[in-house]
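Structure record follows, encoded as structure tokens.
Reckoned from all heavy atoms, side chains included, excluding hydrogens, waters and symmetry mates. Ligands are counted one by one from 1 in listed order, and the atoms in each one are counted from 1 as well.
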Amino acid sequence: MENEAVSKNFIEQIIDKDLAEGHCKTVHTRFPPEPNGYLHIGHAKSILLNYGLAQEYNGLFNMRFDDTNPTKERSEFVESIKEDIKWLGADWGDRLFFASNYFDQMYEAAVKLIKKGKAYVSDLSAEEMREYRGTLKEPGKEDPSAGRSVEENLELFEAMKDGKYADGEKVLRARIDMASPNMNMRDPVIYRVAHMTHQNTGDKWCIYPMYDFAHPIEDAIEGITHSICTLEFEDHRPLYDWVVRELEYENPPKQIEFAKLYLTNVVTGKRYIKKLVEEHIVDGWDDPRLVSIAALRRRGFTPESIKMFVELCGVSKANSSVDYAMLEYCIREDLKLKRSRVMAVLDPIRVIIDNYPEDQIEYFDVVNNMENEALGSRKVPFARELYIDREDFMEEPPRKYFRMFPGNEVRLMHAYFVKCNSFVKDENGKVTEIHCTYDPESRGGNSPDGRKVKGTIHWVAAPTAVKAEVRLYENIVDEELGVYNEDGSLNLNPNSLNVLKECYVEPSLADAKGYDSFQFVRQGYFCVDAKDSKEDALVFNRIVSLKSSYKLPAQQ
Ligand code: ATP
Ligand code: MG
């Protein structure tokens with residue numbers, strides 16, 4: 001972007017310092033999703049940040065599934081996550097990893113801690129554990145098992161691994177400090193018994209490492225230099241550092257936290273989306289009303305627009321929320337010069353040009369995008385019968401309405417001046433047909449004698465028109481009345497999806513395929529729905545309308 005701020009964000013400043021002081025020689029980042037749902041726009045920020053830093057410093061970027069938790073993982077999510085990251089353009093090369101591949105090393109790491117007297121097997125139940133933990137005001141109490149000998153701990157931990165205990169019967173705790181003001185340091189659990197089948201390791205393990213223990217080990221094994229995560233892990237950093245220190249890794253990774261990306265009034269939480277999917281309120285995780293990456297792609301957003309968006313958001317330590325309108329701004333900016341501007345009629349009324357020869361079809365050469373000649377031109381057919389949009393005609397126009405009404409002359413975009421003479425209504429008073437005459441001298445839409453018309457409207461020739469379905473979207477939740485109901489459920493907007501079944505587009509769109517997008521002049525940007533569109537039954541999603549009152553906030 002022009003005017004791009006040259007100042008570095010706080011993470012780049014940390015990296016510069018680490019490189020200068022010799023704490024690391026290269027930069028190696030990773031993106032570590034848990035495969036328990038689809039990625040959303042917030043994850044896109046993390047992906048592009050991590051990948052962007054690796055590129056900027058000529059370093060490496062790893063893709064790692066953090067699949068240490070066997071309960072929720074599903075291979076459907078693994079596949080969707082890979083597809084989304086590829087689509088965003090973050091290239092992990094041959095460095096695709098699974099945390100579960102390190103289970104052996106994690107087990108060895110736990111044994112090492114036991115041998116150093118830094119971990120012990122505890123008999124406390126989850127409830128007792130909570131009691132012993134103390135509160136923010138009071139220190140915790142020593143675990144009665146804390147005094148076990150190294151030998152006993154080694155035996156018990158092995159027995160845990162060998163399936164001798166039921167879930168919850170025993171845990172392995174790190175021995176740190178029960179009086180620490182940081183609750184995370186009060187002898188945290190690092191291994192638990194869970195008799196569950198893991199999607200990758202099957203039934204090999206019945207003990208699984210806890211996140212705070214596993215994550216720094218994963219980073220260290222992979223040689224990650226800067227382990228970037230979100231703010232809620234700030235209080236866990238002392239534990240992260242403790243783990244890498246006690247395990248004596250040679251080049252310990254460093255955890256850096258940044259603020260999550262939040263979109264105002266937009267639902268991103270997996271829990272909510274899952275419910276919408278399961279209750280069939282939305283058409284899957286990629287429903288175009290959602291902001292999962294799959295949904296944004298299906299709606300017609302581009303990787304470039306998402307990159308622009310996360311760059312505009314910046315990287316910070318303070319939580320804040322960004323307006324969805326900023327995302328809309330980015331997709332308009334991205335598509336403005338890249339897409340053809342075509343004519344489509346979403347709410348058709350038939351127009352008959354009474355003085356135009358029956359059965360004649362003529363073609364106009366129309367430039368695809370007058371701001372970008374590289375996109376070339378196309379032929380647009382014109383005929384005696386056309387469609388125009390219902391809102392471009394009024395029987396009794398108010399003042400300053402310059403579009404079609406009886407007695408008024410308008411320009412049919414790229415084609416001719418036409419004058420409306422009469423119209424026909426059905427028994428309900430709905431206008432069904434408009435009759436006009438055209439001026440052959442105004443071919444190309446140019447005034448033959450200097451006379452002016454104030455309105456220019458779009459149209460589609462009826463005989464060659466391609467019928468299509470168009471889907472218009474609003475926020476899935478009701479922003480006006482509040483996103484959440486009192487019981488915490490989502491307050492759904494009943495108008496979030498508006499399906500227009502009978503729309504007409506130019507024949508140049510007949511072969512459009514999934515993800516192809518266009519500007520429909522005067523209406524917005526539209527994208528072929530990759531899931532529902534068929535060769536002979538086109539379906540378009542409106543990505544965004546053309547107009548916006550949105551103003552970019554001042555650069556931070
Ligand atoms: P959610 O709570 O929204 O379901 P999560 O944090 O549980 O997401 P993970 O798979 O654990 O999902 O996240 C992978 C990475 O993405 C983590 O490093 C996490 O910090 C980061 N991340 C998640 N949500 C956001 C967000 N809103 N903005 C920026 N980064 C995010
Ligand atoms: Mg998580």
Between the side chains of [X] and [Y], does any donor sit under 3.5 Å from an acceptor?
| X | Y | value |
| --- | --- | --- |
| Glu222 | Tyr102 | yes |
| Thr264 | Ser321 | yes |
| Asp529 | Asn541 | yes |

Original post:
Do Arg186 and Asp177 have side chains that get closer than 4.5 Å, going by heavy atoms?
Top reply: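 They are not in contact (no side-chain heavy atoms under 4.5 Å apart), so the answer is no.
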
Subject >> Centroid-centroid under 6.0 Å between Tyr272 and Tyr484 rings >> reply: yes

**OP:** Any atoms of ligand 1 less than 4.0 Å from a non-hydrogen atom of Thr230? List them with their elements.
**Re:** 19 (C), 20 (O), 29 (C), 30 (N), 31 (C)

Subject >> Atoms of ligand 1 close to Pro33 [distance to a heavy atom under 4.0 angstrom, numbered from 1] >> reply: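 Near Pro33, meaning under 4.0 Å from one of its heavy atoms, ligand 1 has 10 (O), 14 (C).
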
What about [X]: any of its N or O atoms under 3.5 Å from an N or O on ligand 1?
| X | value |
| --- | --- |
| Glu232 | no |
| Leu261 | yes |
| Thr268 | no |

Original post:
Knowing that exactly one of Phe520, Tyr515, Tyr473 qualifies, which makes a ring-ring contact (aromatic ring centres under 6.0 Å, His included) with Phe540?
Top reply: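 The ring-ring contact (aromatic ring centres under 6.0 Å, His included) with Phe540 is passed solely by Phe520 among Phe520, Tyr515, Tyr473.
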
Original post:
Does ligand 1 have a heavy atom under 4.0 Å from the side chain of Phe31, from its backbone, from both, or from neither?
Top reply: side chain

Subject >> Nearest neighbour of atom 7 (O) of ligand 1 from the list Glu34, Lys45, Lys270, on a heavy-atom basis >> reply: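 Comparing heavy atoms across Glu34, Lys45, Lys270, the nearest one to atom 7 (O) of ligand 1 lies in Lys270.
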
Subject >> Selected option - heavy-atom contact closest to atom 26 (C) of ligand 1, from Ala259, Gly42, Cys313, Ser227 >> reply: Gly42

